[in-house]
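What follows is a single structure, written as structure tokens, with notes after it.
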Amino acid sequence: MKSYIILNVEKVMICEQSPAHKRCQRERNYDEKEHATVRGLFLSMGTSPGAPVELLVLGKGWTGAYVVRAANETGVSVAATTRNGRDGTIAWEFAPESNDPSRFNQLPNARTVLVTFPVLSRDAMRRLTDFYETTRPAFEASVRWILLGTTSNFNPPNPAADPWCDRHTPLTNLAPRNEGEAQLLQYRSSSSTVIHLAGLYDAKERNPRNFVSRVAPTKQALLTKKSVHYIHGVDVARAILAVHAMFERAVGQRWILCNIRVYDWWEFLGCAVPTGWDLKEEGDPEVWSWVLEACRETGVKGLPRNVTDLGRGMDGRDFWETFGVLPRFSQL
């Protein structure tokens, strides 16, 4: 299936020559400088494996698969990598200690590069970004970088006084991956952004019911569980495509991506049926009784507990308001 471009004074619209895909991206406004960039980017789109793409996904794992699927559905040209080249991807793996840039030659030119894996040092991030950009000197468009992170570094400074944190809250419990994030935001502040993802879930591979036995294997373990935040794979993909389309709103910043809900583990565990559990044969799961006992012992009269009692709530409103989209999935 070939793609073509419709150019007018104000907009660039990419459509598919198929009735099922004639949904043009009419809301993608570009200024005059971007017109030339996009025109050059898509002249050879859609046939050669090395053809330029709008979006390059480095690491097509669980999250990357959702992004690739959403890009294909919305007419965004996309390429992706995996270690073994499965499912039509590019066989490629980042070697963080290597000083050989030649392995980046096999990657296509892309307007936006999405990095789905953690980059664990400043030097590794420098190699990743420098080597990719310097191995495509003929590509005139500047590369934009999206790095995925985790929300585990966001915690309220004084939860007793205020249990809420947002994307501007200083990071805590720093890990090696935060070094890579800092390098990207510091040295490519005008062409990068970091999106911190809440707990990832969907109905199949990451169904929260699958986690019940690990989250609360005993009553003592359950007593320690407080708040949890989630984001569905579909909404992660929609968010990334929104950033790609409106990158000027994201540059140089960190974002918290969650579905703007704070879940109480007790509420979820008190009604979740563990995967493979047969209520008729095995009766109510023991964890349900533990939740009731925990409520009685701690004076909790109803669930969910409020955020003050949970001790941590993440404010994820900024992202959805800034990019003008809303999360579609909110029920676990």
Side-chain angles (χ1 to χ4, degrees), residues 33-34 36-38 40-46 48-61 63-65 67-68 71 76-149 176-195 237 240-241 243-245 247-248 250-255:
K33 185 176 180 180
E34 290 263 358
T37 297
V38 177
L41 190 62
F42 295 107
L43 286 178
S44 59
M45 182 176 68
S48 169
V53 293
E54 287 187 82
L55 178 64
L56 172 61
V57 179
L58 296 183
K60 186 191 173 187
T63 302
V67 175
V68 170
V76 174
S77 62
V78 62
T81 70
T82 57
R83 289 190 176 96
N84 58 10
R86 67 181 183 276
D87 301 326
T89 58
I90 302 165
W92 183 86
E93 183 176 0
F94 177 49
E97 303 298 326
S98 174
N99 287 313
D100 178 13
S102 63
R103 61 189 296 108
F104 287 78
N105 289 326
Q106 67 191 98
L107 299 177
N109 292 345
R111 188 72 177 96
T112 304
V113 177
L114 170 68
V115 183
T116 66
F117 50 82
V119 181
L120 302 180
S121 73
R122 285 180 173 269
D123 285 344
M125 179 58 75
R126 178 184 53 79
R127 293 186 183 99
L128 175 63
T129 53
D130 286 356
F131 290 171
Y132 178 79
E133 294 181 8
T134 57
T135 51
R136 51 215 70 250
F139 189 52
E140 296 181 358
S142 60
V143 180
R144 294 104 56 96
W145 295 89
I146 301 174
L147 176 63
L148 300 185
R177 71 184 303 159
N178 300 124
E179 291 294 313
E181 296 167 3
Q183 171 74 16
L184 183 66
L185 292 174
Q186 182 177 354
Y187 290 98
R188 280 177 171 75
S189 59
S190 62
S191 60
S192 70
T193 190
V194 178
I195 303 177
I240 289 169
L241 291 183
V243 171
H244 167 70
F247 202 86
E248 69 283 355
V251 291
Q253 300 183 67
R254 296 180 184 271
W255 302 90

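Residue indices begin at 1 and follow the sequence shown.
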- Message: By the ring pair (Phe, Tyr, Trp, His ring centres under 6.0 Å) test, which pairs, at least two apart or in different chains, include something from residues 106-126?
- Response: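 As it turns out, there is no ring pair (Phe, Tyr, Trp, His ring centres under 6.0 Å) pair with a partner in residues 106-126 once direct neighbours are skipped.
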- With distance as the sole criterion, is a donor-acceptor pair present between the side chains of Arg144 and Ser191 under 3.5 Å?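 No - no donor-acceptor pair under 3.5 Å links their side chains.
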- Are side-chain N/O atoms of Asp87 and Thr89 paired as donor and acceptor at under 3.5 Å?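 Judged by distance alone, the side chains do not pair up.
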Give, for atom [atom1] of [X] and atom [atom2] of [Y], the distance between the pair rounded to the nearest 0.5 Å.
X      : Y      : atom1 : atom2 : result
Arg127 : Phe94  : CZ    : CZ    : 7.5 Å
Asn109 : Glu54  : CG    : CD    : 13.5 Å
Thr193 : Leu147 : OG1   : CG    : 9.0 Å
Phe104 : Thr134 : CZ    : OG1   : 8.5 Å
Ile90  : Thr82  : CD1   : OG1   : 9.0 Å
Ile146 : Ile195 : CD1   : CD1   : 5.0 Å

Using every non-hydrogen atom in the two residues, find where [X] and [Y] come nearest and quote the distance to one decimal.
X      : Y      : value
Leu56  : Ala110 : CB-CB, 3.6 Å
Thr116 : Gly59  : OG1-O, 2.8 Å
Ala79  : Pro108 : CB-CG, 3.9 Å
Ser190 : Val251 : O-CG1, 3.6 Å
Val76  : His244 : CG1-NE2, 4.1 Å
Ala250 : Val243 : CB-CG1, 3.8 Å

- Message: So does Leu107 get a backbone contact from the side chain of Arg136, meaning a donor-acceptor N/O pair under 3.5 Å?
- Response: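 Checked: pair present.
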- Quick one: list whatever passes side-chain contact (heavy atoms from CB on, under 4.5 Å) with Arg83, sequence neighbours left out.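 Applying side-chain contact (heavy atoms from CB on, under 4.5 Å) to Arg83 gives Glu93.
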- Can you sort out the partners of Ala95 under side-chain contact (heavy atoms from CB on, under 4.5 Å), two or more places apart, ordered by chain and number?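 So Ala95 forms a side-chain contact (heavy atoms from CB on, under 4.5 Å) with Ser98, Arg103.
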pair [X]-[Y]: side-chain heavy atoms closer than 4.5 Å:
X      : Y      : value
Val57  : Thr81  : no
Tyr187 : Arg122 : yes
Val53  : Val78  : no

- Please assess Val68 against Lys60 for the test side-chain contact (heavy atoms from CB on, under 4.5 Å), listing each intermediate value before the final yes or no. CA-CA 8 Å; Val68 170; Lys60 186 191 173 187; 4.2 Å; yes
- Candidate pair Gln106 and Trp92, rule side-chain contact (heavy atoms from CB on, under 4.5 Å), full reasoning: CA-CA 8 Å; Gln106 67 191 98; Trp92 183 86; 3.6 Å; yes
- Step-by-step side-chain contact (heavy atoms from CB on, under 4.5 Å) determination, Arg177 to Glu181: CA-CA 7 Å; Arg177 71 184 303 159; Glu181 296 167 3; 4.0 Å; yes
- For the pair Ser102 and Asp100, evaluate side-chain hydrogen bond (donor to acceptor under 3.5 Å, both in side chains) and give the outcome as yes or no after the intermediate values. CA-CA 6 Å; Ser102 63; Asp100 178 13; 2.8 Å; yes
- Please walk me through it: do Leu148 and Val115 pass side-chain contact (heavy atoms from CB on, under 4.5 Å)? CA-CA 6 Å; Leu148 300 185; Val115 183; over 6 Å; no
- Message: Whether Arg188 and Glu133 form a salt bridge (side-chain N of Lys/Arg under 4.0 Å from carboxylate O of Asp/Glu) is what I want to check.
- Response: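 Looking at Arg188 together with Glu133, the answer is yes, because their closest N to O distance falls below 4.0 Å.
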